[in-house]
Amino acid sequence: MNLLIKSATIIDPNSPFHQKVADILIEKGHITSIASNIDADVEIIDAKGKYVSPGFFDLNCNIGELGLETKEDLQTGTKAAAAGGFTGLALMPNTQPPVHSKAEVEYLLNRAKNNLVDVYPIGTISHKRDGKDLAEMYDMFLSGAKAFTDGDRPVQDAGLMERALLYTQGFGALILSYPEDTAIAGKAKVHEGEVSTLLGMKGIPSLAEELMIARDLYLAEYTGSKIHFSTISTERSVELIKEAKRKGLNVTCDVAAHHLILTDEALTGFDSQYKVKPPLRTQKDVKALIKGLKDGTIDAIVSQHTPHEVEFKDVEFEVAEFGMIALQTAFSTVLSTGLDISLIIEKLAINPRTILNIEPAVIAEGSKANLTLFDTDAEWEYTRKNNQSKSYNSPFIGQNLKGKVMLVYNNNHLFKTKTT
């Protein structure tokens, strides 16, 4: 698929054309020329006033395949990803069966062959995600798993986490920690604070997250291992990780896009679409998360895309499942924070690949074409009709959003979003 993108502003800190306006010629899946004016007999895209960046990469994406395809399968999930500007997905192992052996890793990789969106299965830390015995991590690594986590089940056994950190040192894999002390969090559904008191609901204290971060930082320091924290959400979590980095620990972390704009005040109507985990926190936490992105404490932004069938969300708040779909809305969500566009691309496209030790996507002559074209000023309505996911559990459906992905290109495939 050959393509000429005209007059785009390039946003890529790794490119010699960073922040320059140029034409980009793509032939047979590679960038063959970048110049001020290119003529070619290929499909032409007018990108004046728009931006081109490396394709976005999501470090935390839930797709139902294996076993939960009624929520989402690879076909619909990768289509939603492309519509949201993502050309790479790290898949959480929250499936049935979980991704706990090389068989599941190889199945997902084979299913995703020749797709526009690159898929990277993440294996489990423990067998069956039961938190007792280590999974076959080395076999999964050899089959293509770059990192390991028990997904939305935090590893409660400190000894198991220590062994996982030590074991993966031998082959350079990454451990992802979902920080929650379940003994403190209990069965609560929302953040513990003024809103939970007003609603008469038992809350999840910030301490549940912060205590687990402190524990795993101690373990990482003791073992000399690298560790990544998924979807941090509190002010104190940011402080703990900032201090750890200052001490020289090999630690990274990410934040879910919705935690940058939504607070627990959204729950006053008991709308289950806002029921996520970690729970929506306070405005003070939101400000701390945005500050953490600006000062480099938080390394990446993720969608935490979590699809559910209608019967799991269109029910009473107390029994509804946690999570929202977010691949198509993540970019618009982050853009609404007012963060600088170069910083957004660093957190959405550059750092996630670095964290997983994946070859970067670079806007440069001779490089493989892996890019996203977007318009920061364009407004669009997110509807059930243009939603590409199999599920509809998003609070943003029916809303007008600012910041539209126009197209993505990767693996010699082109995906253009609809204009309406």
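One finds the CG atom of Asn370 at 7.0 Å from the CG atom of Asn411 (value rounded to the nearest 0.5 Å). The distance from the CG atom of Asp264 to the CE atom of Met201 is 11.5 Å, given to the nearest 0.5 Å. Atoms CG and CG, on Leu217 and Leu240 in that order, are 6.5 Å from each other to the nearest 0.5 Å. Distance check: Leu371 CG to Ile24 CD1 gives 6.0 Å after rounding to the nearest 0.5 Å. The structure places CD1 of Ile11 at 7.5 Å from CD1 of Ile345, a figure rounded to the nearest 0.5 Å. If you take CG on Leu211 and OG on Ser206, they are separated by 12.0 Å, rounding to the nearest 0.5 Å.
Contact of the Glu235 side chain with the Val238 side chain is not registered, since no non-hydrogen atoms from C-beta on lie closer than 4.5 Å. Between Gln273 and Ser394 the shortest side-chain heavy-atom distance does not fall below 4.5 Å. Between Leu134 and Arg163, the closest side-chain pair of non-hydrogen atoms falls below 4.5 Å. The shortest distance between side-chain heavy atoms of Tyr382 and Asn387 falls below 4.5 Å. Two residues are said to be in side-chain contact when any heavy atoms from C-beta on lie closer than 4.5 Å; Leu407 and Leu414 meet this criterion.
Distance alone, capped at 3.5 Å, places no donor-acceptor pair between the His191 side chain and the Leu280 backbone. In terms of modelled atom types and a separation under 3.5 Å, the side chain of Lys347 and the main chain of Ile298 share a donor-acceptor contact. Between the side chain of His258 and the main chain of Tyr274, no donor-acceptor pair closer than 3.5 Å is present. In this structure, Glu192 contributes its side chain and Leu207 its backbone to no donor-acceptor pair below 3.5 Å. A donor-acceptor pair is defined here as one N or O able to donate and one able to accept, closer than 3.5 Å; such a pair exists between the side chain of Thr372 and the backbone of Gly85. At least one donor-acceptor pair closer than 3.5 Å links the side chain of Gln328 to the backbone N or O of Asn386. The backbone N or O of Asp150 lies less than 3.5 Å from a partner atom in the side chain of Arg129, making a donor-acceptor pair. Asp46 places a side-chain N or O within donor-acceptor distance of the main-chain N or O of Lys48, the cut-off being under 3.5 Å. A side-chain donor-acceptor contact under 3.5 Å links Thr78 to the backbone of Gln75.
None of Glu309, Glu311, Glu321 except one satisfies the salt bridge (Lys or Arg N to Asp or Glu O under 4.0 Å) rule with Lys71; the exception is Glu309. When each of Gln304, His305, Gln388 is paired with Leu327, the side-chain contact (heavy atoms from CB on, under 4.5 Å) condition holds for His305 and for no other. The side chain to side chain donor-acceptor pair (under 3.5 Å) with Thr306 is formed by just one residue from the set Asn94, Asn62, Asn393, Asp152; it is Asn62.
Defined by atom type and a distance below 3.5 Å, a donor-acceptor pair is present between the side-chain atoms of Glu104 and Ser101. Side-chain atoms of Asn410 and Asp118 include a donor-acceptor pair closer than 3.5 Å. With no hydrogens or angles considered, no side-chain donor-acceptor pair links Asp254 and Asn60 at under 3.5 Å. For the residue pair His259 and Ser233, no side-chain donor N or O sits within less than 3.5 Å of a side-chain acceptor on the partner. Of the N and O atoms on the side chains of Asp216 and Ser177, at least one donor lies less than 3.5 Å from an acceptor on the other residue. Side-chain polar atoms of Ser332 and Trp380 form a donor-acceptor pair below 3.5 angstrom.
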Original post:
Which is it for Thr263 and Gln283 under the side-chain hydrogen bond (donor to acceptor under 3.5 Å, both in side chains) test, yes or no, and what are the steps along the way?
Top reply: CA-CA 6 Å; Thr263 70; Gln283 189 61 42; 5.0 Å; no
**OP:** Show the numbers, then the answer: is there a side-chain hydrogen bond (donor to acceptor under 3.5 Å, both in side chains) between Asp285 and Thr234?
**Re:** CA-CA 5 Å; Asp285 293 307; Thr234 78; 5.0 Å; no
**OP:** For Glu72 and Thr76, run side-chain hydrogen bond (donor to acceptor under 3.5 Å, both in side chains): C-alpha distance rounded to whole Å, both residues' side-chain angles, the deciding distance at 0.1 Å, then the answer.
**Re:** CA-CA 6 Å; Glu72 193 86 276; Thr76 59; 2.5 Å; yes
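Of the charged side-chain nitrogens involved, none lies within less than 4.0 Å of a carboxylate oxygen, so that Glu136 and Lys102 do not count as a salt-bridged pair. Between Arg236 and Glu210 there is no salt bridge, since no side-chain N of the basic residue sits under 4.0 Å from a carboxylate O of the acidic one. Between Glu359 and Lys368 there is no salt bridge, since none of the side-chain N atoms of the basic residue sits less than 4.0 Å from a carboxylate O of the acidic one. The pair Asp157-Lys132 does not meet the salt-bridge criterion, since no charged nitrogen lies less than 4.0 angstrom from a carboxylate oxygen. With respect to the salt-bridge test (charged N to carboxylate O, under 4.0 angstrom), the residues Asp295 and Lys242 qualify. Using a cutoff of 4.0 Å between basic side-chain nitrogens and carboxylate oxygens, Lys390 and Glu69 are not scored as salt-bridged. Under the 4.0 Å criterion applied to side-chain N and carboxylate O atoms, Asp375 and Lys404 are not assigned as salt-bridge partners. With respect to the salt-bridge test (charged N to carboxylate O, under 4.0 angstrom), the residues Arg281 and Glu265 do not qualify.
In this structure, Phe148 and Phe171 have perpendicular ring planes: the angle between them is above 60°, well past the 30° mark.
By the 6.0 Å and 45° rule, Lys313 does not stack over the aromatic ring of Tyr392. Seen from the ring of Phe317, Lys275 counts as a face-on cation partner, given the 6.0 Å and 45° thresholds.
Between Phe86 and Phe57, the ring center distance fails the sub-6.0 Å criterion.
Within a 6.0 Å radius of NZ in Lys245, other residues, nucleotides and ligands contribute more than 12 heavy atoms.
By the side-chain contact (heavy atoms from CB on, under 4.5 Å) test, Leu142 pairs with Tyr138, sequence neighbours left out.
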